[in-house]
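If you're wondering where the values come from, they're calculated on a predicted model, not measured in any experiment. Quick note on labels: first sequence line is chain A, next is B, and so on, each numbered from 1.
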Amino acid sequence: MNAFDVLQERGFVQQCTDADAVRAMFAAGPVTAYVGYDPTADSLHVGHLFSLMSLMHLARTGNKPIVLMGGGTAMVGDPSGKTEMRQMLTREAILTNIARIKGQVAKLFGDGSAIVENNDSWLLELRYIDFLRDIGRHFSVNRMLSAEAYKIRLERGLSFIEFNYQLLQAYDFHELCKRYNCTLQMGGDDQWSNILAGVDLCRRLLQKQVQGLTSPLLMTAAGEKMGKTAAGAVWLDPQKLSPYDYYQYWVNVDDRDVARMLGFFTFLPMTEVRAVWKLDGRDLNAAKAILAFEATRIVHGDAEATTAHTAAQAAFGGRELPANILPSSAVPRVASATAESMPTAHVTAAELAAGLPLIELLRRTEIADSNGAARRLIQQGGVRIGDAKVDDEKKLVTAADFVDGVMLLKSGKKKVFRIVAQG
RNA sequence: GGAGGGAUACCCAAGUGGCCAAAGGGAGCAGACUGUAAAUCUGCCGGCGUAAGCCUUCGAAGGUUCAAAUCCUUCUCCCUCCA
């Protein structure tokens, strides 16, 4: 299947310079395409994963993706679609971030099917006057100012350094086109004007017609940016967000988003995904579990996905996943629970002998972040040990609360901790 | 460089000497309803404390006052207009 059609049917295509030309390009042979990522943090998150998924689709259809690390552009900062200037990153921070992100990218493209480049290797050595004369003259300030991506910033302030970003990104495209014959740049829809600038520059400098394609901005049905939670971004780094929590993020998506997310964040065939559009109510929970399993698997691997899945079953009750929902998924469909991988905290025998204040335990598990919060939580009936609601805020946890050295501490509907007695 | 305006808790935003740990909204947390969904309703939402109360917080540092988010001084940062 033509890679363009794959992207389109899965919902990755928002705008495209020339859909027919892009389709023809893919039909004619392997295409080299790139997406750029500025290393602004020490881990990628779900927002990055979105476009990485589209690159993975290209790799799977025999094309050559380039993952471009913006080691140079991160020194400048992209104002596109942002409300304010980002904090400037030091060179050292950028390099550390790149090192970690490269590891994540390598894991996603396990077979080395992607080229990883860093634009600092050509941007850092640019000479100002030469750059202005050779590149700068091709850019119309008038047109740049009219771009939607700068609209907010023109009201709230845009510094000159950021205003240069587009030139650098355009320069990247031209450089990759020269070095790798890269003929397609993809990105989020906020990148549209930057991508167009690159397409223009390639035509002027190299007399080559290259293409650009954007994906929709990832929004939830509730109208919020996908991949953001109250606690922050949904990170791919297991140190920053455990595979269990990553899995939970997907299980908890809005009903209305499930089918779309299956298209974006799994490789399950669209014929099966389309069937999910017809599901509703409780049936969607099975689809959510499969979404979570598949999404976790891509980022953390089969083993972690399976443990996260069985841990969730242990925490929330196992259920059979009907064989006819997303049949291609390798998810374990029989209810099987392994409690070990649930979030776990430990207490000592000595603590239990003395009686460990429940409040203390709530803080240790970070269910509550102050004594007051812990107390309020209990007062409001939000804490359960096993299935029994706790109504005494001064409760002392003792060995009597444990069964076979284990106790389940629950808060609300979603937080379950396995407390293990040691010694 | 000149003139003016602003900085309040996670975010937006009211407050212009005591009634202010600080209105309102959003986010978040918990309860009811449910399906680990959405919507809705209810409660909570700086820290310590069973409580009385104490401590810390309104850009930063000083000061006036019995008493300051509120008044004064200096500083930092942001915005608007003019150059």
J.: With rounding to whole Å, what would you report as the distance between C54(B) and U50(B) at their C1' atoms?
T.: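 It works out to 15 Å between them.
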
J.: Which residues satisfy the side chain to side chain contact (heavy atoms under 4.5 Å, CB included) test with Ser329(A), sequence neighbours excluded?
T.: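 Counting only residues at least two positions away or on another chain, Ser329(A) forms a side chain to side chain contact (heavy atoms under 4.5 Å, CB included) with Leu268(A), Ile290(A), Phe293(A), Glu294(A), Val331(A), Arg333(A).
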
J.: Looking for any heavy atom pair under 4.0 Å, which part of the strands does Gly317(A) touch: base, sugar-phosphate only, or nothing?
T.: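 Touches nothing.
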
J.: For the CG atom on Asn324(A), are there more than 12 heavy atoms of other groups (residues, nucleotides or ligands in this structure) within a distance under 6.0 Å?
T.: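 Counting other residues, nucleotides and ligands, CG of Asn324(A) exceeds 12 neighbours.
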
J.: Could you go through residues 411-422 of chain A and list every donor-acceptor pair under 3.5 Å that involves a side-chain atom there, pairing it with any protein atom two or more places apart or in another chain?
T.:
{"residue": "Lys414(A)", "atom": "NZ", "partner": "Asn252(A)", "partner atom": "OD1", "Å": "3.4"}
{"residue": "Arg418(A)", "atom": "NH1", "partner": "Thr344(A)", "partner atom": "OG1", "Å": "3.2"}
{"residue": "Gln422(A)", "atom": "NE2", "partner": "His346(A)", "partner atom": "ND1", "Å": "3.3"}

J.: Can you list everything that forms a side-chain hydrogen bond (donor to acceptor under 3.5 Å, both in side chains) with Thr398(A)? Sequence neighbours excluded, please.
T.: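 If we apply the side-chain hydrogen bond (donor to acceptor under 3.5 Å, both in side chains) test to Thr398(A), skipping adjacent residues, there are no hits.
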
J.: Give Lys415(A) one of three labels, base, sugar-phosphate or nothing, depending on what nucleic acid heavy atoms sit under 4.0 Å from its own.
T.: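 It contacts sugar-phosphate atoms only.
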
J.: Looking only at the side chains, is there a donor atom on one of Ser80(A) and Asp190(A) sitting less than 3.5 Å from an acceptor on the other?
T.: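 No pair is found: no donor N or O on one side chain lies under 3.5 Å from an acceptor on the other.
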
J.: Now, which nucleotide makes the Watson-Crick or G-U wobble pair with A51(B), with each of the two distances under 3.5 Å?
T.: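 Paired with no nucleotide.
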
J.: Look through every strand shown and name the nucleotide pairing with A22(B) as Watson-Crick or G-U wobble, where both distances are under 3.5 Å.
T.: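 The base-pairing partner of A22(B), which may sit in any strand shown, does not exist here.
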
J.: How about Gln185(A) and Gln191(A): does a side-chain donor come under 3.5 Å of a side-chain acceptor?
T.: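 Absent: no donor and acceptor within the cut-off.
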
J.: Among residues 283-292 of chain A, which ones have heavy-atom contacts with RNA chain B below 4.0 Å?
T.: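 Going residue by residue through residues 283-292 of chain A, the ones with a heavy atom under 4.0 Å of RNA chain B turn out to be Asn285(A), Lys288(A).
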
J.: Going by salt bridge (Lys or Arg N to Asp or Glu O under 4.0 Å), name the residues that satisfy it together with Asp134(A), two or more places apart in sequence or in a different chain.
T.: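 Testing Asp134(A) for salt bridge (Lys or Arg N to Asp or Glu O under 4.0 Å), a comparison that skips the adjacent residues, returns none.
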
J.: When you compare the side chains of Tyr246(A) and His300(A), does any donor N or O come within less than 3.5 Å of an acceptor on the partner?
T.: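 The criterion, which ignores hydrogens and geometry beyond distance, is not satisfied for His300(A) and Tyr246(A).
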
J.: Between Arg137(A) (side chain only) and Arg133(A) (backbone N and O only), is there a donor and an acceptor less than 3.5 Å apart?
T.: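 Yes; judged by distance alone, with no hydrogens or angles, the pair exists.
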
J.: Taking the C1' atom in each of U65(B) and U70(B), what is the distance between them to the nearest angstrom?
T.: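 The same atom, C1', in both gives a distance of 13 Å.
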
J.: When you compare the side chains of Thr310(A) and Thr338(A), does any donor N or O come within less than 3.5 Å of an acceptor on the partner?
T.: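 Yes, Thr338(A) and Thr310(A) have a side-chain donor paired with an acceptor closer than 3.5 Å.
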
J.: Roughly how far apart, to the nearest Å, are A14(B) and A23(B) at atom P?
T.: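 Their P atoms lie roughly 14 Å apart.
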
J.: How close or far is atom P of G26(B) from atom CD of Glu224(A), stated in whole angstroms?
T.: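 Between P of G26(B) and CD of Glu224(A): 13 Å.
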
J.: Considering every strand shown, what is the Watson-Crick or G-U wobble mate of G43(B) when both distances are under 3.5 Å?
T.: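 Partner of G43(B): C29(B).
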
J.: Mark yes or no for a side-chain to base donor-acceptor pair under 3.5 Å between Gln380(A) and G31(B), with no hydrogen or angle criteria applied.
T.: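 A donor-acceptor contact between them is absent.
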
J.: Could you tell me the separation between the NZ atom of Lys225(A) and the P atom of A27(B), rounded to a whole number of Å?
T.: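 Between P of A27(B) and NZ of Lys225(A): 18 Å.
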
J.: What's the closest nucleotide to the side chain of Lys413(A) if the choices are A37(B), C45(B), C48(B)?
T.: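 Nearest nucleotide to the side chain: A37(B).
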
J.: Categorize Ala312(A) for me: base, sugar-phosphate, or nothing, with a 4.0 angstrom heavy-atom threshold over every strand shown.
T.: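 Base contact - Ala312(A) has a heavy atom under 4.0 Å of at least one base atom.
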
J.: Quote, to the nearest angstrom, the P distance that separates G4(B) from C11(B).
T.: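 Result for the P pair: 30 Å, nearest Å.
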
J.: I need the CZ-P distance between Arg363(A) and G47(B), as an integer number of Å.
T.: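 Arg363(A) atom CZ is separated from G47(B) atom P by 10 Å.
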
J.: How long is the line joining CD of Glu360(A) and P of C48(B), in whole Å?
T.: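 Atom CD in Glu360(A) sits about 12 Å away from atom P in C48(B).
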
J.: Near RNA chain B, under 4.0 Å by heavy atom, which residues of residues 319-342 of chain A?
T.: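 When residues 319-342 of chain A is checked for heavy atoms under 4.0 Å from RNA chain B, the hits, listed by number, are Arg319(A).
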
J.: Taking only residues two or more places apart in sequence or in another chain, which ones pass salt bridge (Lys or Arg N to Asp or Glu O under 4.0 Å) with Arg364(A)?
T.: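 Glu351(A), Glu360(A).
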
J.: Considering only atom P, compute the distance from C55(B) to A67(B) and round it to an integer number of Å.
T.: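 My reading of the P atoms in C55(B) and A67(B) gives 14 Å.
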
J.: When rounded to the nearest Å, what value does the distance between C1' atoms of G59(B) and G6(B) take?
T.: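 The same atom, C1', in both gives a distance of 11 Å.
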
J.: Quick one about Thr73(A) and Gln169(A) (side-chain donor to acceptor, distance below 3.5 Å, no hydrogens or angles considered), yes or no?
T.: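 No.
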
J.: Give none if C58(B) has no partner; otherwise give the nucleotide forming a Watson-Crick or G-U wobble pair with it, both distances under 3.5 Å.
T.: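 Checking every strand shown, C58(B) finds no partner, since no pair has both distances under 3.5 Å.
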
J.: Quick test of your reading: applying salt bridge (Lys or Arg N to Asp or Glu O under 4.0 Å), list the pairs with at least one residue in residues 33-42 of chain A, sequence neighbours left out, ordered by first then second residue.
T.: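 Residue pairs with at least one partner in residues 33-42 of chain A: Asp42(A)-Arg100(A), Asp42(A)-Lys240(A).
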
J.: Considering only atom P, compute the distance from A60(B) to G28(B) and round it to an integer number of Å.
T.: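 That atom pair is separated by 28 Å.
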
J.: Going by atom type alone, with no hydrogens or angles, which donor-acceptor pairs under 3.5 Å involve a side-chain atom of residues 366-373 of chain A and a protein atom two or more places apart or on another chain?
T.:
{"residue": "Ser370(A)", "atom": "OG", "partner": "Ala373(A)", "partner atom": "N", "Å": "3.1"}
{"residue": "Asn371(A)", "atom": "OD1", "partner": "Arg363(A)", "partner atom": "NH1", "Å": "2.8"}

J.: Answer yes or no: is there a side-chain heavy-atom contact under 4.5 Å between His57(A) and Phe267(A)?
T.: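 A side-chain contact exists here, since the closest heavy-atom pair is under 4.5 Å.
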
J.: How many Å lie between CD on Gln379(A) and C1' on C45(B), as a whole number?
T.: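 It is 13 Å, rounded to the nearest whole Å.
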
J.: Could you check which nucleotide pairs with U80(B) in any of the strands shown, counting Watson-Crick or G-U wobble with both distances under 3.5 Å?
T.: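 Partner of U80(B): A3(B).
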
J.: From the list G49(B), C44(B), A30(B), which nucleotide is the closest neighbour of the side chain of Arg375(A)?
T.: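 Looking only at side-chain atoms, Arg375(A) lies closest to G49(B).
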
J.: Need to verify one output field. Residue with the more 5' nearest nucleotide on RNA chain B, Asn371(A) or Gly382(A)?
T.: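 Looking at RNA chain B, the more 5' nearest nucleotide goes with Gly382(A).
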
J.: Of Gln313(A) and Leu377(A), whose closest RNA chain B nucleotide lies nearer the 5' terminus?
T.: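 Looking at the nearest nucleotide for each, Leu377(A) comes out on the 5' side.
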
J.: Short of 4.0 Å, heavy atom to strand atom, which residues of residues 237-252 of chain A count as contacting RNA chain B?
T.: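 Within residues 237-252 of chain A, the residues near RNA chain B are Gln248(A), Val251(A), Asn252(A).
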
J.: Should Ser370(A) be listed as having a side-chain N or O under 4.0 Å from OP1 or OP2 of G46(B)?
T.: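 False: Ser370(A) side-chain N/O out of range (4.0 Å or more) of G46(B) OP1/OP2.
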
J.: Determine the interatomic distance between C1' on U8(B) and the same-named atom on G25(B); round to the nearest Å.
T.: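 Between the two C1' atoms, the distance is 15 Å.
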
J.: If you take any heavy atom closer than 4.0 Å to RNA chain B, which residues from residues 254-275 of chain A end up in contact?
T.: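 Of all residues in residues 254-275 of chain A, the ones placing a heavy atom under 4.0 Å from RNA chain B are Asp254(A), Asp255(A), Arg256(A).
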
J.: Across all strands shown, which nucleotide pairs with U65(B) by Watson-Crick or G-U wobble geometry, both distances under 3.5 Å?
T.: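 Base-paired to nothing in any strand shown.
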
J.: Check the phosphate of C29(B) against Ser411(A), side-chain N and O only, distance under 4.0 Å to OP1 or OP2. Yes or no?
T.: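 It does not, given that no N or O in the side chain of Ser411(A) lies less than 4.0 Å from OP1 or OP2 of C29(B).
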
J.: Can you check the Lys395(A) NZ to U50(B) P distance for me, whole Å?
T.: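 My rounded result for the distance is 18 Å.
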
J.: Which class fits the ring pair Trp250(A) and Phe265(A): parallel under 30°, tilted 30 to 60°, perpendicular over 60°?
T.: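 Because their plane-to-plane angle lies in the 30° to 60° range, the rings of Trp250(A) and Phe265(A) count as tilted.
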
J.: Taking side-chain hydrogen bond (donor to acceptor under 3.5 Å, both in side chains) as the test, write out the residues that go with Tyr150(A), two or more places apart.
T.: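 Partners of Tyr150(A) by the side-chain hydrogen bond (donor to acceptor under 3.5 Å, both in side chains) criterion come out as none, since no residue qualifies.
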
